[in-house]
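These notes concern the structure reproduced below.
Predicted model only: the values in this text are computed from it and were never measured. For ligands, and for the atoms within them, numbers begin at 1 and follow the listed sequence.
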Amino acid sequence: MSSNAQATIPHFIRSIIDADLASGKHRSIVTRFPPEPNGYLHVGHAKSICLNFGLALDFHGQCNLRFDDTNPEKESEEYARSIQEDVQWLGFQWQGEVRWASDYFEQLYAYAVELIRQGKAYVDDLTADEMREYRGTLTQPGRNSPYRERAVTENLDLFQRMRAGEFADGAKVLRVKIDMASGNINMRDPVIYRIRRAHHIRTGDAWCIYPMYDYTHCISDALEGITHSLCTLEFEDHRPLYDWVLDNITIGCHPQQIEFSRLELHYTITSKRKLLQLVTEKHVSGWDDPRMPTIQGMRRRGYSPEGIREFARRIGISKSPNVVDMSELEACIREDLEARAPRVMAVIRPLKVTITNADGAQSREAGFHPSHPEFGSRVVPFGREIWIEQDDFAEVPPEGWQRLTPGGEVRLRYSYVMRCDEVVKDSAGNAIELRCSIDHDTLGKNPVGRKVKGVIHWLSCEHALPAEIRLYDRLFTVPEPDADKERNFLEFINPDSLTAVQSWVEPAVRDAQAETRYQFERLGYFCTDRREHQPGVKLVFNRTVALKDSWTKEQP
Ligand code: ATP
Ligand code: MG
C-alpha cells in the first residue's frame, strides 16, 4: 500500500518479530491500535497507527482497531467516529469489525470472579484517601488493607452486589492481591474494578462497575490473540501487572507488551487534555483547525497521508527520546506534494500593473507539472491589467535583487519579459500601480541582446478569481510550550498563527473540489478548505506549507 515505496527502516520491534517468526513462536503477527474515544487523534497517534498497521502490512499479519472504552464519562460517539475516519484517511484498514473493550465486559467480569475464587482478588472498603495512605510511596512500602483477608465467599458476594448496584459510587473497589511492599507501585494491590454510575456510549446503563485500564487491556489483547502489544514507554512500569493478570487467569494467550518512546513534536503539544482546552476555550476554531496537530487538523491544512506516513517512517522507533522538530514533518509533506500537486499561479498580496503596449499580446499554454505531462495543461490568459505580488517589486532594491524595479525587467512566468516604466504612488508615497511594457518578441524565447534573470508570477486581472487564502504559522512561539510546569502553555500561543488574505487565483482552479492540493508557484503548497471552500462559488485555500523551509533559518 505504501505508495512512497520507501525502504523500511529496521528497529528493535521488527527484530523481535523477525526472531519470533523465525523461532516459530508465532506463525503470523497480530497487532492492535487501542485508542480511547476521548478526543481526536494527533500526530503522536499517527506514529502509533503507522507502527501497528504498518507492521501488520509488512509482515502479512493483521491489525485490529480496538476502542479502549472503560471511562464512560469522557468518551463519545463523535470521538469514536473521527478516530475511524482518521485511521482510514491515513491509508489503513483494520481487520474485521471495529472492536471495543466493552464487548468483553462480561468476560472481564468472569475473569475477576476467577481471581476472587483463587483468593487473588478482594473487595476493599477503604476510601480513596485511605487507599492512598495505605499505598506508601516510592521510598516506603505500602500496608495491607484491613479488608485484604476477606473470605472468598464474602468477596464473591460483595462483588456480585457491586455489579447489582447495591453500593454507592466509590464505596467499594475490587483489587488484586499482589504485594503491598513491591518496589513497583503498580503492583501494590491495584484496583481492577470501580463503581461508577455513568452512561456508557455502547453498554448504556447495563453496568455500574467498570474495569480499570491495566486489567482490561491485557485481557482484551489476549482475547483477540494479539501477538505483540505495542505501547508507549510510560507503560513500562505497568508491564509486570499486564503479565501478572494473564499469568493468573485461565486464558490461552499471552501477548508480549513492548514499549517505544512517544513522539514529541516541537512547537506543538500532543496532550489530549490540552488540545481539548484549546478547542473548548476557542483558541482555535475546532479540533480540525489547520493549526492543530490533530490528524483532522493536518488533513484540513492539506498534509497528505503519504507525507505523514513518510514522516512516521523517518522518525523511527526506539526507546530513546523521540523529540522532533516541526520542520521535519513539513519537509516530508513538501517532498510528497512536490511530485503530486499541480502547479498554478496565485497572487496573495496584489499590486496592479498596467501594460501600456498590450495590443496584440498572446496567451500561452502551460503544463500543470514539469515532470508530469499527464496532469495536462491550461491557457494562462494574458491581459492589459495584471496583478503581481507586492514584494516582487522594490523601488530601492537590495543587493542581488532579481525581481522588478523601476527601469528593470523581469520575465512573467509563461509569458513575456516586462519592463517597469513608471511607478504610480499614493499621497503617502506607496507604490499603488506600475505602468509597464512588454517585449513582444519574448513569448517563449529569450530577449535579444540581454539577459533577464528574474521570473515572477502574475495573473490577468480580468481573468483572475478572488479567493481567500489562509496563511498559517506555528501555533506556539516556543519549541516546548508545555515543558515549564510553572507556566501555562496558553501563554505561548502565537498571536500571528493565522492570517487570512483576500487574494487572486488562476481561473484554472475555479471548479476545484474540496481538499484539492496545488502548488502556487513561488508561494508554497495550498489546499482547498474541507469546510468552507465551495467549488465555483467561494474559493478558500489553506497554505499547507511554504516552498522552502524559511522558518528554521529565520528563527534565532
Ligand atoms: P490518554 O490515555 O491520556 O487519554 P493517549 O495519548 O495515551 O492519552 P490513547 O487513546 O490511549 O491516548 O492512545 C492510543 C495509542 O496511541 C496508545 O497506544 C498510545 O501509547 C499511543 N500514543 C499516544 N500518544 C502518542 C505519542 N505522542 N507518540 C506515540 N504514540 C502515542
Ligand atoms: Mg492512553
With heavy atoms only and a cut-off of under 4.0 Å, state how N38 meets ligand 1: side chain, backbone, both or neither.
->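 Contact part for N38 vs ligand 1: side chain (C-beta onward).
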Structural part of H42 in contact with ligand 1, heavy atom criterion under 4.0 angstrom = side chain
Any heavy atom of Y213 sitting closer than 4.0 Å to ligand 1?
->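 Y213 does not count as a contact of ligand 1 under the 4.0 Å cut-off.
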Nearest candidate to [atom], where distance is taken over non-hydrogen atoms, out of [options]:
{"atom": "atom 23 (C) of ligand 1", "options": "R32, E234, H45, E259", "value": "H45"}
{"atom": "atom 24 (N) of ligand 1", "options": "R262, E36, R66, K47", "value": "R262"}
{"atom": "atom 30 (N) of ligand 1", "options": "G44, P37, P34", "value": "G44"}

Short N or O distance, T270 and ligand 1, threshold 3.5 Å exclusive =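 Such a contact does not occur with ligand 1.
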Among Y213, F260, Y242, find the residue that satisfies the ring-ring contact (aromatic ring centres under 6.0 Å, His included) test when tested with F235.
-> Y213
Looking at [X] versus [Y], is the centre-to-centre ring distance below 6.0 Å?
{"X": "Y79", "Y": "Y40", "value": "yes"}
{"X": "F541", "Y": "F526", "value": "no"}
{"X": "H26", "Y": "H228", "value": "yes"}

Angle class for the F159/Y109 ring planes (parallel below 30°, perpendicular above 60°, tilted otherwise)?
->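 Parallel.
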Aromatic ring pairing Y210/H200, orientation class (parallel under 30°, perpendicular over 60°, tilted between) |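 Y210 and H200: parallel rings.
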Only one of R135, K120, R143, R148 forms a salt bridge (Lys or Arg N to Asp or Glu O under 4.0 Å) with D189, so which one is it?
->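 Among R135, K120, R143, R148, the one that satisfies the salt bridge (Lys or Arg N to Asp or Glu O under 4.0 Å) with D189 is R148.
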Heavy-atom contacts with [X] under 4.0 Å: which atoms of ligand 1 show up? List them by number with element.
{"X": "P35", "answer": "10 (O), 14 (C)"}
{"X": "S48", "answer": "16 (O), 21 (C), 30 (N)"}
{"X": "T232", "answer": "19 (C), 20 (O), 29 (C), 30 (N), 31 (C)"}

